[in-house]
Colleague: 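Sharing a structure here in structure tokens format.
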Amino acid sequence: MDLECQRMLNQGFLRVERYHSLCQKQVKAQLPRRESERRNHSLARHADILAAVETRLSLLNMTFMKYVDSNLCCFIPGKVIDEIYNVLRYVNSTRSPQRAHEVLQELRDISSMAMEYFDEKIVPILKKKLPGSEVSGRLMGSPPVPGPSTTLSTMQLFSKQNPSRQEVTKLVQQVKTNGAGLTVMRRELSELRTKVQEQQKQLQDQDQKLLEQTQIIGEQNVRLSDLEHKLRDVVESAVGPSGTGPRDEPPRKRKKVVGGKDCPRKSKRLRTRK
């Protein structure tokens, strides 16, 4: 049962690599050749996500497959395979996917945790089982033990010092994938920089508008204060200095009025005298 599960996990990782390469070929075939036209293409985000998945697969390959090829362990994190399948199916099924860092957040988290745990907990145990570990221990100063295993381990060590063509091609592919990942990260960094510059320009424009509005408000306050002073002067001139009721009539007019009322009596007396 253990061997069958190991075989299924190893085959699952190889199959997801093939599926990813197939998806990437389909997307690249639809993209234009010029880099400037690719950025504005509808499949630009698809290509960014697939390039990021490629870098993640290369990191997993460097971490696990060295020990898988030597039959010391299998590809342990099966959940990472499931998450890679989920990302690839999402890319194939959606026309306008989200940004790469949003889609690959879960994959980066679980794959980084798996690689860290493997390097810290499992690799020290597996290194003891690697062929050539006895020779490396003797080179570090441990006393040699005579026997046929010494000659075999030294032969294996010296044969591993000369890499084969397959290892060289693997290294070249890993370098290419790392370069693609770097280009994706540089593109995202340039987009973020442009966004930051746009936001800074908007903030400067808003500060300029705020300064102009404060100046206008200050001018309006000055005008309002001038109008209030003028209104006070007009009200005071209309009411007068004393502020009391109507003025009294002059005494001359009163006398004339009184004299006018007594005129008929004088005329009667004059008539009787006559």
Side-chain angles (χ1 to χ4, degrees), residues 9-68 74-120 123 167-198:
L9 287 169
N10 294 334
Q11 288 181 356
F13 183 73
L14 295 175
R15 285 174 182 171
V16 79
E17 281 186 334
R18 292 171 191 165
Y19 184 53
H20 170 263
S21 63
L22 180 63
C23 296
Q24 199 168 24
K25 284 180 182 178
Q26 291 176 355
V27 172
K28 283 184 177 179
Q30 298 176 9
L31 286 172
R33 293 183 179 180
R34 291 186 179 181
E35 188 68 24
S36 59
E37 295 178 357
R38 287 184 180 182
R39 293 178 183 176
N40 299 323
H41 199 267
S42 60
L43 295 175
R45 289 189 179 181
H46 297 75
D48 293 341
I49 293 169
L50 291 173
V53 172
E54 188 177 3
T55 56
R56 190 58 51 173
L57 283 171
S58 64
L59 290 172
L60 291 167
N61 196 348
M62 287 188 291
T63 304
F64 289 96
M65 298 311 289
K66 174 184 176 182
Y67 302 97
V68 173
C74 66
F75 187 81
I76 299 168
K79 190 176 180 181
V80 175
I81 300 173
D82 297 334
E83 186 62 27
I84 294 170
Y85 271 119
N86 291 332
V87 172
L88 296 177
R89 287 165 186 161
Y90 171 76
V91 170
N92 288 331
S93 61
T94 55
R95 292 183 179 179
S96 59
Q98 298 177 352
R99 294 187 178 274
H101 63 88
E102 296 175 357
V103 177
L104 299 172
Q105 186 175 3
E106 182 68 20
L107 178 60
R108 285 172 179 168
D109 291 339
I110 60 175
S111 61
S112 60
M113 286 191 293
M115 287 187 286
E116 287 175 3
Y117 181 80
F118 185 77
D119 290 332
E120 292 175 1
V123 168
E167 293 178 354
V168 172
T169 53
K170 282 184 180 179
L171 289 172
V172 171
Q173 289 178 357
Q174 289 173 3
V175 170
K176 288 182 180 179
T177 53
N178 292 330
L182 284 173
T183 54
V184 172
M185 293 178 71
R186 285 173 183 171
R187 190 180 300 168
E188 291 179 356
L189 186 62
S190 63
E191 290 177 358
L192 290 173
R193 283 177 180 172
T194 53
K195 285 183 179 179
V196 169
Q197 289 177 357
E198 290 176 358

Colleague: Quick check: closest heavy atoms across S58 and N178, and the distance to 0.1 Å?
Modeller: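 Scanning both residues completely, I find the closest heavy atoms to be OG-OD1, 3.9 Å.
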
Colleague: Evaluate whether atom CE of M185 has more than 12 neighbouring non-hydrogen atoms of other residues, nucleotides or ligands under 6.0 angstrom away.
Modeller: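 No - once you tally the heavy atoms of other residues, nucleotides and ligands closer than 6.0 Å, there are 12 at most.
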
Colleague: Please round to the nearest 0.5 Å and tell me the distance separating atom CG of L22 and atom CG of L50.
Modeller: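 Result: 10.5 Å between the selected atoms.
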
Colleague: Scan residues 108-117 for pairs that pass side-chain hydrogen bond (donor to acceptor under 3.5 Å, both in side chains), counting only residues two or more places apart or in two chains.
Modeller: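 Residue pairs passing side-chain hydrogen bond (donor to acceptor under 3.5 Å, both in side chains), neighbours aside: R56-S111.
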
Colleague: Any side-chain heavy-atom pair from L57 and V16 closer than 4.5 angstrom?
Modeller: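 When only atoms from C-beta onward are counted, V16 and L57 do touch, with a gap below 4.5 Å.
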
Colleague: Centres of the Y67 and F118 rings: under 6.0 Å?
Modeller: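 Yes, they do, as the ring centres are separated by less than 6.0 Å.
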
Colleague: Begin with the C-alpha distance, continue with both residues' side-chain angles, and end with the deciding distance and a verdict on side chain to side chain contact (heavy atoms under 4.5 Å, CB included) for L60 and F75.
Modeller: CA-CA 9 Å; L60 291 167; F75 187 81; 4.2 Å; yes

Colleague: To the nearest 0.5 Å, tell me how far T194 OG1 sits from L192 CG.
Modeller: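 It comes to 7.5 Å.
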
Colleague: Between CZ of R193 and CZ of R186, what distance do you get to the nearest 0.5 Å?
Modeller: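 Going from the CZ atom of R193 to the CZ atom of R186 covers 10.5 Å.
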
Colleague: Suppose the criterion is side-chain hydrogen bond (donor to acceptor under 3.5 Å, both in side chains): which pairs have a residue in residues 15-28, not counting sequence neighbours?
Modeller: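 Residue pairs with at least one partner in residues 15-28: Y19-N92, Q24-E54.
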
Colleague: Go through it in stages, so that I can follow the logic: the residues are V87 and V53, the test is side chain to side chain contact (heavy atoms under 4.5 Å, CB included), and I'd like the CA-CA distance, side-chain angles, deciding distance and then a yes or no.
Modeller: CA-CA 9 Å; V87 172; V53 172; 3.9 Å; yes

Colleague: Grab the two heavy atoms, one from F64 and one from M115, that are nearest each other, plus how far apart they are.
Modeller: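 So the minimum-distance heavy-atom pair works out to CE1-CG, 4.1 Å.
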
Colleague: Can you tell me how far apart SG (C74) and CG (N10) are? Round to the nearest 0.5 Å.
Modeller: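 Reported value, rounded in 0.5 Å steps: 5.5 Å.
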
Colleague: What are the two closest heavy atoms between A51 and V184, and how far apart are they?
Modeller: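 The pair with the smallest heavy-atom distance is CB-CG2, 3.5 Å.
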
Colleague: With P97, which of D48, V91, I49 fulfils side-chain contact (heavy atoms from CB on, under 4.5 Å)?
Modeller: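 The single option meeting the side-chain contact (heavy atoms from CB on, under 4.5 Å) with P97 is I49.
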
Colleague: Give me the atom names and distance for the closest heavy-atom approach of L59 to T63.
Modeller: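 Smallest heavy-atom distance, with atoms named: O-OG1, 2.8 Å.
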
Colleague: Got a second to check how far R95's CZ is from S93's OG, nearest 0.5 Å?
Modeller: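 Spacing of CZ (R95) from OG (S93) equals 11.5 Å.
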
Colleague: Enumerate the salt bridge (Lys or Arg N to Asp or Glu O under 4.0 Å) contacts for residues 96-106, please, sequence neighbours excluded, ordered by first and then second residue.
Modeller: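 Every pair satisfying salt bridge (Lys or Arg N to Asp or Glu O under 4.0 Å) with a residue in residues 96-106: R99-E191.
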
Colleague: Ignoring hydrogens, what is the shortest heavy-atom contact between A52 and L104? Give both atom names and the distance.
Modeller: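 Scanning both residues, the minimum pair turns out to be CB-CD1, 3.0 Å.
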
